[in-house]
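What follows is a single structure, written as structure tokens, with notes after it.
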Amino acid sequence: MKTAMSIKEISAKLKTIDSPEDLFLQECLEDGRKGVVDLVSKWQRKYEKEQQEKNAFMEMTEFERQLRKQGFSILAGIDEVGRGPLAGPVVTSAVILPESFYLPGLNDSKKIPESKRESFYEMIYKEALSIGIGVVHSEVIDEINIYQATKKAMIAAVNDLSDFPDHLLIDAMELDVPIPQLSLIKGDARSISISAASIIAKVTRDRMMKDYGQKYPGYGFEQHMGYGTSQHLVALDKQGLTPWHRRSFAPVKEIAARSND
């Protein structure tokens, strides 16, 4: 180190460095103090993580880039949350992102911690060109089945968009709409548009379930979001069904049948 900087000063300076080729970083590598060595190691780990996230994000833009090359410009990613729970609605989202959108770390919403998911939700809402939401509740799920209910919610999300898309990217589903579409298995981990829709749908539904948890205490909706955990099953046996339970789903169906005997 050419200048006798303190560890604190070096730490502050390293926060401004964004390239491993920076001369200051090279000088730090020659500093023998353990504190400096630790700071450089920390910077390198952070840099490597950021590069991995950047590369992963770029891979997830491949489908969007190919569609734009084909002449499409208003691309809507669509995803759902809530097909498996015993209670609550199925919620879908359609999201149209600008071509310049950049949010490293974007992924399948289930793989992102809740606090970060909330942050991403706010950022997507701020940057997206348009966002649509579709919600289909338990009584309709019981009437038409969860697969058809998911389709219904996805179409509702598309219709809720303020801009009409010229192409759809959908997570493992095909919709009966007159819009070109691409169905991608595990699309929420392969397309930024679908991933963004996954985040919006997940946070929207989680907030709804937390509200239901306050209205119907004891079931733990605010914790398991309506999935069939042991806590949920015990509460079903003790407290019975709520208006949000899917009566066509086992074991809710069996409990409903017993209560009608």
Side-chain angles (χ1 to χ4, degrees), residues 78-95 105-125 131 133-154 156-157 171-173 185-189 194-261:
I78 305 172
D79 200 8
E80 56 75 27
V81 173
R83 289 180 69 170
L86 305 181
V90 59
V91 176
T92 63
S93 177
V95 176
L106 196 61
N107 202 334
D108 172 3
S109 62
K110 297 184 292 296
K111 297 180 180 179
I112 299 174
E114 183 177 4
S115 60
K116 193 171 186 179
R117 200 162 56 225
E118 289 279 348
S119 174
F120 280 11
Y121 173 93
E122 300 298 337
M123 294 174 73
I124 293 166
Y125 252 103
I131 292 177
I133 301 292
V135 179
V136 173
H137 288 284
S138 54
E139 63 271 17
V140 178
I141 294 172
D142 290 335
E143 179 183 348
I144 64 176
N145 76 50
I146 187 60
Y147 182 75
Q148 294 301 327
T150 301
K151 278 191 171 185
K152 183 180 181 71
M154 285 183 168
D171 187 28
M173 189 78 75
I185 302 298
K186 296 185 178 179
D188 47 10
I194 298 176
S195 180
S198 172
I199 297 288
I200 298 299
K202 173 67 174 167
V203 173
T204 299
R205 187 178 188 279
D206 283 359
R207 291 178 178 180
M208 294 175 71
M209 295 308 297
K210 289 176 182 179
D211 182 54
Y212 298 159
Q214 291 183 341
K215 294 177 180 177
Y216 294 89
Y219 294 89
F221 290 152
E222 67 282 2
Q223 297 171 341
H224 53 63
M225 308 305 166
Y227 283 88
T229 64
S230 57
Q231 175 193 9
H232 190 177
L233 297 178
V234 169
L236 273 172
D237 277 328
K238 289 184 176 180
Q239 299 176 227
L241 308 184
T242 72
W244 308 112
H245 278 101
R246 302 174 182 180
R247 285 158 171 76
S248 59
F249 279 40
V252 179
K253 185 176 182 179
E254 289 73 16
I255 294 172
R258 289 202 303 269
S259 64
N260 291 330
D261 290 341

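Heads up: numbering here begins at 1 and tracks the sequence. In this text the structure is predicted, and so the values were computed from the model without any measurement. Side chains included, hydrogens not; waters and symmetry mates left out as well; all remaining heavy atoms used.
Comment: K210 does not engage D206 in a salt bridge, judged by the lack of any side-chain N to carboxylate O separation of less than 4.0 angstrom.
Contact check for S138 versus F249: no side-chain heavy atoms found under the 4.5 Å cut-off. Side-chain contact check for V136 versus P89: every heavy-atom pair is 4.5 Å or farther apart. Between I199 and V95, the closest side-chain pair of non-hydrogen atoms is not below 4.5 Å. For the pair P85 and R205, the minimum side-chain heavy-atom distance is below 4.5 Å. Proximity of K151 to M154: side-chain heavy atoms (C-beta onward) are nowhere separated by under 4.5 Å.
Shortest non-hydrogen contact noted between A172 and I185 is CB-CD1, 4.0 Å. Between R246 and G82, the closest heavy-atom pair is NH2-O, 2.6 Å. Across all non-hydrogen atoms, the minimal contact from L86 to L233 is CD1-CD2, 3.9 Å. What you find for Y121 and T204 is that their closest heavy atoms are CE1-OG1, 4.0 Å. Taking every heavy atom of both residues into account, D142 and S248 meet most closely at OD1-OG, 2.6 Å. Closest approach of A235 to G218, counting heavy atoms only: CB-O, 3.5 Å.
A distance of 7.5 Å separates CH2 in W244 from CD in E139, rounded to the nearest 0.5 Å. The NZ atom of K152 lies 8.5 Å from the CD atom of E143; values are rounded to the nearest 0.5 Å. Atom CG in D171 sits 10.5 Å away from atom CD1 in I78 (nearest 0.5 Å). A distance of 8.0 Å separates OG1 in T242 from CG in L236, rounded to the nearest 0.5 Å. One finds the CD1 atom of I194 at 14.0 Å from the NZ atom of K186 (value rounded to the nearest 0.5 Å). The line from CG of D188 to CG of D79 is 5.0 Å long, rounded to the nearest 0.5 Å.
Between F221 and H245, the gap from one ring centroid to the other is short of 6.0 Å.
Judged purely by atom type and a 3.5 angstrom limit, T92 has no side-chain atom pairing as donor or acceptor with the backbone of E80. With N145 contributing its side chain and Q148 its backbone, the two residues share a donor-acceptor pair below 3.5 Å.
A side chain to side chain contact (heavy atoms under 4.5 Å, CB included) with M209 is found for one member of E222, M225, Q223, H224 and no other, namely M225.
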